[in-house]
Amino acid sequence: MNNSPYFLKPASVQSVMLRVLAALIPGIAVYVWFFGAAILVQIGLASAAALVAEAIMLKLRGKPLALFLTDGSALVTAWLIALTFPSIAPWWLTVLGTLIAIVVAKHLYGGLGQNPFNPAMVAFALMIVAYPQLMSQWPAVGATEFATQLDAIFGFRHLDAMAMATPLDALRTALHTAEAKATVAGVLGENAAVGNIGGKGWEWIGAGYLLGGVWLVQQRIITWHMPVAFLATLFAVAGLFSLIDNAQFAGPLFHVFTGGAMLGAFFIVTDPVSGATTPKGKLIFAAGVALLTWVIRTFGAYPDGIAFAVLLMNIAVPLIDMYTQPAVFGHKNGEHS
Amino acid sequence: MSMLHRLFNFHGGVKPAYNKEASTQQPIAVSPAPTFLVIPLHQSIGGTPRPLVQAGDKVLKGQRIGEADGNVSSAVHASTSGTVTAVEMRLMPHTSGLPALCVVIEPDGRDEWITRTPFDYRNATPTQTRDYLRDAGVVGLGGAVFPSHLKLNPGKSGKLDTLVINGAECEPFITCDDVLMRERAEATVKGIAIMREMLAAGRVLVGIEDNKPEAIAAMEKAVAGEKDMAVIVVPTRYPAGGAKQLIRVLTGIEVPHGKRSTDYGVQCFNVGTAYAIYEAIALGQPLVSRIVTVAGNVEKARNYEVLFGTPMADLIALCDAKPDTDRLIMGGPMMGVRMPADSVPVVKATNCVLVGSPILFPPPPPEMPCIRCGECAKACPADLQPFELYWFSRAKIFGKAQEYNLFDCIECGCCAYVCPSHIPLVDYYRFAKSEIWAREKEKEAADEARVRYEFRLFREEREKEEKAARLAAKTAAGREKAAAALASVDQPTTTPEEDAKKALIAAALERAKAQKADAAPQNTEQLTSEQQAEIAAIEARRAEIREMAKPHLPPDN
Ligand code: SF4
Ligand code: SF4
């Protein structure tokens with residue numbers, strides 16, 4: 001027996017998730033253009049691992065398999081893992097990360113809709129703590145030959161020659177190790193792999209994510225609050241510090257276009273399940289992630305800080321939501337019935 | 001008279017398919033009197049009217065058959081002339097499938113009116129006019145059936161800034177207000193003018209959604225001669241026709257939950273109510289019929305002028321329901337209630353009989369967990385966070401649900417309509433609300449302990465007397481005397497008023513008994529009839545909602 005309303009808008013979790021995946025495609029295409037097709041292999045690996053893990057966990061938890069396996073949520077997690085891990089990481093690193101995300105971060109917390117932490121970011125954080133070396137090996141621009149990349153992924157050959165640090169990583173290493181002799185201009189200018197804004201290649205991938213992200217806003221899958229608050233905060237804090245000392249602190253454009261910033265702004269921070277839900281809460285949450293990201297990028301020990309920043313802010317979500325409840329109809333002047 | 005008027009926005013809302021064309025192709029038709037009219041006595045908010053007739057009585061059209069029970073109540077009339085064949089419990093147009101006291105009339109086919117005298121409200125006191133309207137059975141015809149006379153009171157200040165007339169009609173399929181405004185604009189505006197005079201309202205704003213161009217044109221023509229009365233075209237978006245939403249759109253005022261809108265200088269009536277007031281005052285006709293839209297899974301959707309008490313089956317027979325029809329819904333697809341049978345009567349609250357089929361209203365796709373996407377919050381016109389309410393209701397953390405303003409929820413269904421996880425959110429709110437009501441009732445009942453105690457003493461006394469009477473009956477000599485004693489105990493002399501009350505008590509008890517004993521709260525034996533009736537109704541709602549919520553609740557249920 002069903003009660004009013006008797007008809008529903010044609011919407012489903014699946015259509016939401018599929019559109020998120022579709023929005024990632026422009027960024028992925030640019031990625032392939034600059035860094036080769038290895039990322040597609042990683043996406044495939046992560047997707048397969050995610051679906052298998054999802055199926056097993058659903059079975060164990062006695063949930064309807066067909067309904068949940070096709071909801072697309074595991075694929076979104078898988079793709080985000082593939083896109084945040086180095087594309088020439090060994091295959092088992094990606095698979096292990098994915099398993100942790102799906103089994104531990106998602107299902108052990110109660111499955112779809114229940115996880116307090118962003119599963120992809122849990123995977124990233126654990127892997128970078130456990131395998132800092134492997135998680136920092138990114139393909140050099142131009143080292144896009146597919147066969148060589150495959151060799152790296154499946155471990156037939158170890159190819160240090162084709163790997164290099166990301167611009168963010170390069171910058172942090174230089175500033176932290178060269179007895180403070182290096183400057184931002186020095187590092188970013190000297191490094192052949194670094195482009196003009198966010199590092200060669202990276203700013204274009206960022207632009208791809210931006211494009212997909214704007215489409216998601218237009219599709220009403222996400223609201224503008226989080227991406228705008230995230231990027232604006234990151235831009236503002238990076239801008240402020242680079243104004244104070246542009247030798248030690250990278251500029252705002254570099255920060256918003258490098259590493260996972262654009263991916264984070266539109267696809268990671270915006271994860272509905274583990275993020276804040278009220279309009280004001282979304283602004284606070286995303287701004288908090290941006291601030292922490294900048295702090296970790298600048299002073300921390302890891303190349304990119306988004307994962308840790310997201311996880312830290314995830315902890316604060318219940319509080320943020322509680323204190324940012326919007327006024328309900330008729331109570332907007334602080335009245336109470 | 002149209003004019004440039006600043007509109008305000010309300011948060012949320014949805015734009016479902018409107019499906020209003022089918023029933024507006026033809027003018028209003030008159031639905032013929034059925035073989036039997038089944039007229040429920042309780043057709044409005046407030047007390048149940050006392051029956052004034054009994055089986056065998058001849059009645060005229062418009063004759064009062066139920067007298068308002070106090071001021072928060074509204075009279076009920078015979079919808080045509082004929083003979084009362086019974087005053088008995090019949091199935092009501094409510095999902096619960098509970099019966100209530102109805103007057104059954106067999107029409108004589110003459111449709112003979114009582115003498116109709118227009119009411120000279122200009123030479124009557126406001127109280128007299130309100131009493132007249134109460135006795136004419138005029139209630140809000142937008143669906144809420146709140147007695148209109150109670151709202152026709154400007155309040156402390158003695159005047160009102162704005163009278164809002166609701167012609168928005170935002171629910172899909174329903175077009176009864178649309179056709180009313182198209183065909184009876186003049187009379188409706190006359191009704192509005194009477195209301196405005198009673199309320200001493202400064203200006204009148206008639207809000208109509210922009211998808212009703214004919215109604216807008218007709219109403220604009222009709223208000224042309226009126227001072228400070230304007231038709232305001234509002235954007236089509238469900239639930240723009242919710243009273244609070246329309247007041248907000250037209251005036252910018254938000255009337256909080258539980259507050260009287262007159263305290264904010266505004267009052268809102270449905271166009272159908274305005275027309276009913278015109279008929280009652282200007283023509284001397286009490287409310288005996290209304291316009292009802294029949295739409296959905298029918299060959300010939302149309303609006304009918306229907307006598308109250310007409311079984312819905314008779315009405316839809318005029319429209320050729322398609323063979324795969326699987327349900328009747330009273331109201332629209334967003335807020336309507338499912339009928340327990342097609343024999344239930346059309347009542348004052350029946351704005352639409354929506355005929356459903358599995359194709360028109362397919363069963364919802366399987367429910368998924370909430371992904372906190374916030375779609376529901378974006379759609380909620382009450383600015384609530386529906387998923388938080390869902391979470392608290394589901395986990396039965398009712399205190400928290402109330403803290404998150406559960407009772408501000410108007411059950412409009414927008415949240416459930418947009419939810420990508422297909423969660424029947426409104427079912428959860430109904431469940432939580434009824435649980436909270438029931439708990440509050442139980443608490444109140446406990447507070448009545450002293451009264452009950454006294455009642456028990458009285459009962460024990462009576463039982464003693466009965467015992468004595470029975471004992472006496474055993475002795476041959478005392479037989480006659482005992483019979484007399486028994487009679488005096490069992491059938492105490494009563495006034496007709498008490499008789500009616502007894503019928504009500506019996507009805508309430510009957511209903512209470514119909515409910516599973518395990519659902520009944522303790523200590524309900526010696527309550528007043530009102531309490532019993534109320535508890536029975538609440539229990540019924542609870543049981544019903546439990547049933548509805550069962551598939552969604554955690555396994556411990
Ligand atoms: S729309 Fe449904 S899934 Fe989305 S937050 Fe609301 S209840 Fe949860
Ligand atoms: S049913 Fe209640 S919670 Fe849902 S949208 Fe309407 S008012 Fe908001």
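Here is how names work: the chains are called A, B, and so on, in the same order as the sequence lines, proteins then strands, and each is numbered from 1.
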Practice problem: Give the member of S421(B), A382(B), A17(B), G413(B) that has the highest number of heavy-atom pairs under 4.5 Å with chain A. | Solution: A382(B)
Quiz item: For V13(A), is it the side chain, the backbone, both or neither that has a heavy atom under 4.5 Å from a heavy atom of chain B?
Solution: both
Quiz item: Under a 4.5 Å heavy-atom cut-off, does chain B meet the side chain of S15(A), its backbone, both or neither?
Solution: neither
Exercise. Go through the structure and list residues passing ring-ring contact (aromatic ring centres under 6.0 Å, His included) with F124(A), not counting sequence neighbours.
Key: none
Exercise. Apply ring-ring contact (aromatic ring centres under 6.0 Å, His included) to Y417(B) and list each qualifying residue two or more places apart in sequence or on a separate chain.
Key: F7(A)
Chain A contact via [X] - which portion, at a heavy-atom distance below 4.5 Å:
{"X": "L354(B)", "value": "neither"}
{"X": "M334(B)", "value": "both"}
{"X": "A377(B)", "value": "neither"}
{"X": "E375(B)", "value": "side chain"}
{"X": "P172(B)", "value": "side chain"}
{"X": "F407(B)", "value": "neither"}

For [X], is the [atom1] atom crowded, meaning more than 12 foreign heavy atoms sit under 6.0 Å from it?
{"X": "Y323(A)", "atom1": "OH", "value": "no"}
{"X": "W391(B)", "atom1": "CH2", "value": "no"}
{"X": "K322(B)", "atom1": "NZ", "value": "yes"}

Within the structure provided, determine whether [X] and [Y] are in side-chain contact (heavy-atom separation under 4.5 Å).
{"X": "V426(B)", "Y": "P5(A)", "answer": "yes"}
{"X": "L8(A)", "Y": "C419(B)", "answer": "no"}
{"X": "V418(B)", "Y": "R220(A)", "answer": "no"}
{"X": "Q385(B)", "Y": "P326(A)", "answer": "yes"}
{"X": "F329(A)", "Y": "K244(B)", "answer": "yes"}

Quiz item: For chain B, which residues of residues 104-116 of chain A have at least one non-hydrogen atom nearer than 4.5 Å to it?
Solution: L112(A), G113(A)
Self-check item: Residues in residues 59-79 of chain A that sit under 4.5 Å from chain B, counting heavy atoms only
Solution: L67(A), F68(A), D71(A)
Practice problem: Would you tell me whether N405(B) and H331(A) have side-chain atoms, one donor and one acceptor, within less than 3.5 Å of each other? | Solution: no
Practice problem: Quick one: do V328(A) and H257(B) satisfy side chain to side chain contact (heavy atoms under 4.5 Å, CB included)? Show the steps, please. | Solution: CA-CA 10 Å; V328(A) 311; H257(B) 167 71; over 6 Å; no
Practice problem: Measure the spacing between CG of D427(B) and OG of S4(A) and express it to the nearest 0.5 Å. | Solution: 7.5 Å
Polar side-chain atom of [X] near backbone of [Y] as donor-acceptor pair, under 3.5 Å:
{"X": "H422(B)", "Y": "A11(A)", "answer": "yes"}
{"X": "Y6(A)", "Y": "G336(B)", "answer": "yes"}
{"X": "R372(B)", "Y": "T277(A)", "answer": "no"}

